[in-house]
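As structure tokens, the structure follows; a few thoughts come after it.
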Amino acid sequence: MSHPATGDDVTYLATASTICEVNVHKPSYTSWFVGDSVVEDGSTYLATPMDPLFLILPALERACTRGFCDTETLLEASGLPPCCFYILAKTNLDSVCSSKAVMDQKYYQLDETKTLNWLKTKVENTKNGLRSLRSLGWADAEEGVLLPYAVGLVCEYLPPHRVESLRTYLNVGMEPASPAVAGMPYPVSEVDTQPKRKKLTPAEAAKLKAAESRQLNKAAKAAKEAAGTRKLSGFFKPRAGTNQSA
């Protein structure tokens, strides 16, 4: 199936109730022991449930922007395999669409205001999820850091024009969030590669200063002892007739 942001072919897992995004971690030189056998491929597959509306949003933009369309037309425009139709058929399209019923058939048209409100809810849910990660330091993160980061996570599933409209709607710029909380991943270009000295307590600083002083004293003592010694070559005299400049 196509990724909703890039259109690239990616792998999803369809379960009985939802669609899952599949991420693969494949380290080098790993394998699995299964019973009495060894599986050469040591990859780990992580399937995470996702809202099917992210997958069908591009189809809604193509088929249901200028006019209303029925569910069958929408599913055909989505390009999704038939195995996913039953999941999408029960997805709440009213979250992002205006709808009207004609006889027993329901028709949908993409509603920009509803779509932005739905995405705003996704951002709020993402923020709440991040705040629950207390071990990573997100619980005390400032809104100015947390909101742009949550928006960035949601925007990973949106095409560029939708990313721009969401950021404008939430008044969030394109600049990356400032590093302020532990556990926040950074682009490599933004990471300070210079080693930082650990802040020492007064007791640790005094202990370190004493150790440095001992090292300096040892070096001074060694230099003093070596001052009155002669080089090994000084104990030997040149043989007669030998040119010393040679």
Side-chain angles (χ1 to χ4, degrees), residues 1-23 45-132 146-174:
M1 293 189 287
S2 299
H3 193 280
T6 64
D8 296 336
D9 291 336
V10 293
T11 301
Y12 292 95
L13 174 66
T15 68
S17 57
T18 189
I19 296 177
C20 296
E21 178 185 17
V22 178
N23 292 289
Y45 294 80
L46 178 64
T48 307
M50 65 178 298
D51 193 327
L53 272 179
F54 280 108
L55 296 177
I56 206 171
L57 189 58
L60 284 166
E61 293 182 341
R62 291 192 299 268
C64 306
T65 299
R66 297 183 178 180
F68 287 83
C69 64
D70 58 16
T71 305
E72 183 178 353
T73 302
L74 178 60
L75 292 176
E76 291 177 356
S78 68
L80 299 177
C83 64
C84 298
F85 283 6
Y86 74 97
I87 298 175
L88 298 178
K90 58 184 181 181
T91 300
N92 185 18
L93 296 177
D94 290 314
S95 298
V96 295
C97 290
S98 300
S99 62
K100 62 181 181 180
V102 178
M103 304 295 288
D104 295 332
Q105 183 68 45
K106 198 170 184 179
Y107 296 85
Y108 298 92
Q109 183 179 32
L110 186 63
D111 187 297
E112 185 68 17
T113 301
K114 282 190 172 184
T115 301
L116 290 173
N117 286 331
W118 173 72
L119 290 173
K120 180 181 178 181
T121 300
K122 293 298 181 183
V123 171
E124 292 296 327
N125 291 341
T126 302
K127 284 171 50 182
N128 293 336
L130 289 171
R131 288 194 185 280
S132 67
L146 193 59
L147 177 59
Y149 191 71
V151 170
L153 292 177
V154 174
C155 286
E156 290 182 1
Y157 301 91
L158 300 174
H161 70 279
R162 183 64 64 186
V163 171
E164 184 178 355
S165 62
L166 177 60
R167 289 186 176 276
T168 300
Y169 182 66
L170 298 178
N171 194 27
V172 175
M174 297 297 292

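In this text the structure is predicted, and so the values were computed from the model without any measurement. Side-chain atoms are counted along with the backbone in the values below, which use heavy atoms only and exclude waters and symmetry mates.
The OG1 atom of T48 sits 6.0 Å away from the CD atom of E21 when rounded to the nearest 0.5 Å. In this structure, OG on S95 lies 11.5 Å from CG on D111, to the nearest 0.5 angstrom. Rounding to the nearest 0.5 angstrom, the gap separating the OG1 atom in T91 from the CG atom in D94 is 11.5 Å. Going from atom SG of C69 over to atom OH of Y108 covers 9.5 Å, rounded to the nearest 0.5 Å. One distance of note links OG of S165 with CG of L116; it measures 5.0 Å at 0.5 Å rounding. Of the inter-residue distances, the one linking L110 atom CG with T115 atom OG1 reads 4.0 Å to the nearest 0.5 angstrom.
Contact annotation: the side chain of C155 approaches that of L166 to within less than 4.5 Å [non-hydrogen atoms, C-beta and beyond]. Between V163 and V154, the closest side-chain pair of non-hydrogen atoms is not below 4.5 Å. Looking at V151 and L170, their side chains come closer than 4.5 Å, going by heavy atoms from C-beta outward. Put simply, the side chain of I19 does not reach to within 4.5 Å of the side chain of P49, judged on heavy atoms. No side-chain heavy atom of P4 sits less than 4.5 Å from a side-chain heavy atom of L57. Using a 4.5 Å heavy-atom cutoff, the side chains of N117 and Y169 are in contact.
Contacts classified as salt bridge (Lys or Arg N to Asp or Glu O under 4.0 Å) and involving residues 146-161 (residues at least two apart or in different chains) are not found.
For the ring-ring contact (aromatic ring centres under 6.0 Å, His included) test, no residue two or more places apart in sequence or in another chain qualifies with F68. By the salt bridge (Lys or Arg N to Asp or Glu O under 4.0 Å) test, K122 is found to be paired with D51, residues two or more places apart in sequence or in another chain being considered.
Under the 3.5 Å distance criterion, the side-chain polar atoms of K114 are matched with a main-chain donor or acceptor of C97.
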Open item on the list: The test is side-chain contact (heavy atoms from CB on, under 4.5 Å); show your working for Y149 and V172 and say whether it passes.
Closed with: CA-CA 10 Å; Y149 191 71; V172 175; over 6 Å; no
Open item on the list: Working note: Y45 + L13, criterion side-chain contact (heavy atoms from CB on, under 4.5 Å); need CA distance, chi angles, decisive distance, verdict.
Closed with: CA-CA 11 Å; Y45 294 80; L13 174 66; over 6 Å; no
TODO: Apply side-chain contact (heavy atoms from CB on, under 4.5 Å) to the pair S2 and D9, showing each step before the final yes or no.
DONE: CA-CA 5 Å; S2 299; D9 291 336; 4.0 Å; yes
Open item on the list: Applying side-chain contact (heavy atoms from CB on, under 4.5 Å) to I56 and L93, what does each step give before you reach the verdict?
Closed with: CA-CA 9 Å; I56 206 171; L93 296 177; 4.3 Å; yes
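Between E164 and R167, none of the side-chain N atoms (NZ, or NE/NH1/NH2) sits under 4.0 Å from a carboxylate O, so this pair counts as no salt bridge.
Below 30°, between 30° and 60°, or above 60°: for W118 and F54 the angle between ring planes is between 30° and 60°, a tilted geometry.
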